[in-house]
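Report on the following structure.
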2 protein chains.
Amino acid sequence: MIVAVAERGLRERKKAGTREALAAATLQLAVERGWEHVTVEAITAAADVSYRTFFNHFSAKEEALLVPAGPDQPRLSARLRAQPPGTAVLDAVRAALHEELAELERDPAALRDRMTVVLATPSLIPRLVEMGSADERETAQAIAERTGQDVEADLYPALLAAVVSAAVRVTLWRWQQLGGATGLVTVVDEALDALAGGLPPPPPVA
Amino acid sequence: MIVAVAERGLRERKKAGTREALAAATLQLAVERGWEHVTVEAITAAADVSYRTFFNHFSAKEEALLVPAGPDQPRLSARLRAQPPGTAVLDAVRAALHEELAELERDPAALRDRMTVVLATPSLIPRLVEMGSADERETAQAIAERTGQDVEADLYPALLAAVVSAAVRVTLWRWQQLGGATGLVTVVDEALDALAGGLPPPPPVA
DNA sequence: TGACACGCTGCACTCCCTGCAACGTTGCAC
DNA sequence: GTGCAACGTTGCAGGGAGTGCAGCGTGTCA
């Protein structure tokens with residue numbers, strides 16, 4: 001179901017190839033030079049395509065860095081909807097997050113590089129928020145469906161979606177801090193446990 | 001201490017005047033035309049200053065909309081540090097948020113307008129995250145100081161700071177939804193209570 | 001009142017991003 | 001295989017954001 005995407009004819013393969021080349025060139029150049037010294041022109045030169053083509057694949061420079069996998073990649077809201085109906089909301093969210101992060105972790109080196117670039121470039125952080133949770137609204141909707149609430153009328157769905165988004169951000173940051181030694185899933189679970197516990201006022205007071 | 005800022009000589013008053021004029025023009029034009037149809041040139045024309053001057057006051061177009069009050073405005077981290085030392089972290093955070101939001105609510109009409117513009121322009125939402133919590137790092141640091149933890153080593157401070165940031169965002173959104181009828185403080189308390197309660201799985205199931 | 005500080009201005013420039021009109025290749029039906 | 005339609009790529013022209021720099025005028029302070 002997720003696999004069938006890649007093999008659909010020469011045309012689509014070439015297209016995917018171009019996107020991949022652009023994303024790879026973007027990441028490499030960003031690591032080498034620093035984000036603000038990477039121009040779209042340099043990226044397209046490295047990927048050997050025209051300047052204009054870049055924007056046929058990405059709506060913004062940041063997208064090439066932060067969302068290298070195309071729009072076919074299932075988003076968090078979709079994963080959440082795919083969870084078995086009976087499950088409690090928080091458990092379903094946790095499971096969806098596990099899937100999402102496991103996917104990210106399939107290429108840990110690239111993720112490390114991306115996070116390095118982001119952390120070195122404060123202006124990218126909000127972009128990460130934007131991309132990573134471009135479907136925060138959609139996620140809120142999915143949560144609402146699960147709890148039988150209304151996204152407009154009730155606070156809970158939007159709040160949970162926003163908090164999850166924040167948790168993901170912190171997870172990525174912390175994972176990077178830990179040098180990638182600990183798995184993403186482990187880190188996000190730590191965050192989710194803290195949240196589910198009501199943000200215990202002062203933890204053990206080290 | 002906070003008051004003394006405004007009255008410091010003709011020069012500073014004029015400077016503050018231009019900034020205010022630019023911010024006001026920005027908001028008004030954004031409401032009238034929609035954010036993406038507002039150019040910096042139009043803003044400066046309305047405020048009767050040169051194009052270049054705009055960027056002497058704001059580092060980006062969005063800043064004029066989202067952070068109209070200059071950098072002198074005490075940020076959340078500062079307010080958090082100002083809370084009495086004995087207080088529990090969550091209580092201190094809550095108090096700091098109350099102050100922050102009360103300040104915002106001093107001009108409800110402007111806040112309403114700003115939120116209207118933001119909600120009508122998805123790309124502005126992450127910017128709101130950036131601006132509203134440009135000092136999220138600083139807030140995390142302040143939290144760490146309060147809990148006696150280390151921002152680098154411990155997850156808690158960064159997580160709480162991120163979650164608070166998310167809560168503020170949802171609060172503003174919901175306040176707007178409610179038509180400003182309910183006070184910001186009331187709304188944020190609702191969010192904070194939910195968080196402190198550990199995101200109770202499915203609330204009353206309406 | 002004279003010298004300095006500093007905000008404002010104009011200009012030239014880089015870069016992001018878009019709309020539009022070709023062009024060449026792929027996919028498909030006959 | 002041939003012709004046609006679909007589609008990814010390309011080039012170009014242009015608007016708008018944001019920056020560095022040099023000069024000007026006004027507030028500030030000794």
Side-chain angles (χ1 to χ4, degrees), chain A residues 4-23 25-26 29-30 33-67 70-72 121-124 126-127 130-131, chain B residues 5-23 25-26 29-30 33-67 70-72 117 121-124 126-127 130-131:
Chain A
V5 169
E7 300 293 347
R8 239 199 116 103
L10 179 53
R11 189 125 92 192
E12 298 206 18
R13 263 181 289 137
K14 276 194 173 179
K15 183 179 176 180
T18 316
R19 185 184 176 104
E20 202 175 326
L22 284 170
T26 304
L29 289 175
R33 313 182 181 177
W35 182 247
E36 30 229 33
H37 297 103
V38 176
T39 67
V40 174
E41 191 174 350
I43 296 170
T44 53
D48 202 39
V49 292
S50 82
Y51 180 89
R52 193 62 185 81
T53 291
F54 183 91
F55 294 100
N56 287 337
H57 288 273
F58 306 101
S59 67
K61 194 178 137 192
E62 289 82 1
E63 201 177 312
L65 179 74
L66 301 173
V67 198
D72 299 329
T121 319
S123 72
L124 278 177
R127 291 297 199 148
E130 181 180 28
M131 307 293 178
Chain B
V5 169
E7 299 293 347
R8 239 200 116 107
L10 180 53
R11 189 129 87 194
E12 298 207 17
R13 261 181 289 136
K14 276 194 173 177
K15 182 179 177 181
T18 2
R19 184 182 176 106
E20 201 174 327
L22 284 168
T26 303
L29 288 176
R33 313 182 180 176
W35 181 247
E36 32 230 29
H37 297 102
V38 176
T39 68
V40 173
E41 192 173 350
I43 297 170
T44 53
D48 202 37
V49 293
S50 83
Y51 179 89
R52 193 62 186 81
T53 291
F54 183 91
F55 293 101
N56 287 337
H57 287 274
F58 306 101
S59 67
K61 194 177 136 192
E62 288 82 3
E63 201 177 313
L65 180 74
L66 301 173
V67 199
D72 300 328
V117 174
T121 320
S123 72
L124 278 177
R127 289 298 197 147
E130 179 182 30
M131 307 292 179

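Here the structure is a predicted model, which is why all the values come from computation and not from measurement.
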Contact class for T53(B) (heavy atom, under 4.0 Å): base, sugar-phosphate, or nothing?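 The residue T53(B) makes base contact.
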Tell me the interatomic distance from [X], atom [atom1], to [N], atom [atom2], rounded to whole angstroms.
| X | N | atom1 | atom2 | result |
| --- | --- | --- | --- | --- |
| D48(B) | dT9(C) | CG | C1' | 13 Å |
| K15(B) | dC8(C) | NZ | P | 7 Å |
| E41(B) | dG10(C) | CD | C1' | 13 Å |
| Y51(A) | dC17(C) | OH | P | 7 Å |
| R13(A) | dG8(D) | CZ | C1' | 15 Å |
| I43(A) | dC17(C) | CD1 | C1' | 13 Å |
| L124(A) | dC16(C) | CG | C1' | 14 Å |

For the student: nearest non-hydrogen atoms of A25(B) and I43(B), plus distance: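 Nearest heavy atoms, A25(B) then I43(B): CB-O, 4.0 Å.
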Taking donor-acceptor contacts at under 3.5 Å, does the side chain of R52(B) reach the base of dG20(D)?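 It does, because a donor-acceptor pair links the side chain of R52(B) to the base of dG20(D) below 3.5 Å.
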Under the criterion side-chain contact (heavy atoms from CB on, under 4.5 Å), I'd like the reasoning laid out for T44(A) against T53(A): C-alpha separation, chi angles, the key distance, then a yes or no. CA-CA 8 Å; T44(A) 53; T53(A) 291; 6.0 Å; no
So how far is it from E62(B) CD to T121(B) OG1, rounded to the nearest 0.5 Å?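 If I round to the nearest 0.5 Å, the distance is 10.0 Å.
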Reported CD-to-NZ distance for the pair E36(A) and K61(A), which is rounded to 0.5 angstrom: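 E36(A) atom CD to K61(A) atom NZ measures 8.0 Å (nearest 0.5 Å).
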Please determine which of L66(A), V67(A), L65(A) meets the side chain to side chain contact (heavy atoms under 4.5 Å, CB included) test together with E63(A).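 Checked L66(A), V67(A), L65(A) against E63(A); only one passes side chain to side chain contact (heavy atoms under 4.5 Å, CB included): V67(A).
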Under-4.0 Å side-chain N/O to phosphate OP1/OP2 contact, K14(A) with dT26(C):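 Yes, within the criterion.
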Members of residues 54-63 of chain B that approach DNA chain C, where some heavy atom sits under 4.0 Å away: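 Here the set is N56(B), H57(B).
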Report the nucleotide, chosen from dC17(C), dT25(C), dA5(C), that has the shortest atom-to-atom distance to any side-chain atom of R11(A).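 Of dC17(C), dT25(C), dA5(C), dT25(C) is nearest to the side chain of R11(A).
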Pairwise side-chain contact, T18(B) with F54(B), heavy-atom cut-off 4.5 Å (strictly under):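 SC-SC contact between T18(B) and F54(B) ruled out.
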side-chain contact (heavy atoms from CB on, under 4.5 Å) involving R11(B) - partner list, sequence neighbours excluded: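 Not a single residue meets the side-chain contact (heavy atoms from CB on, under 4.5 Å) criterion with R11(B).
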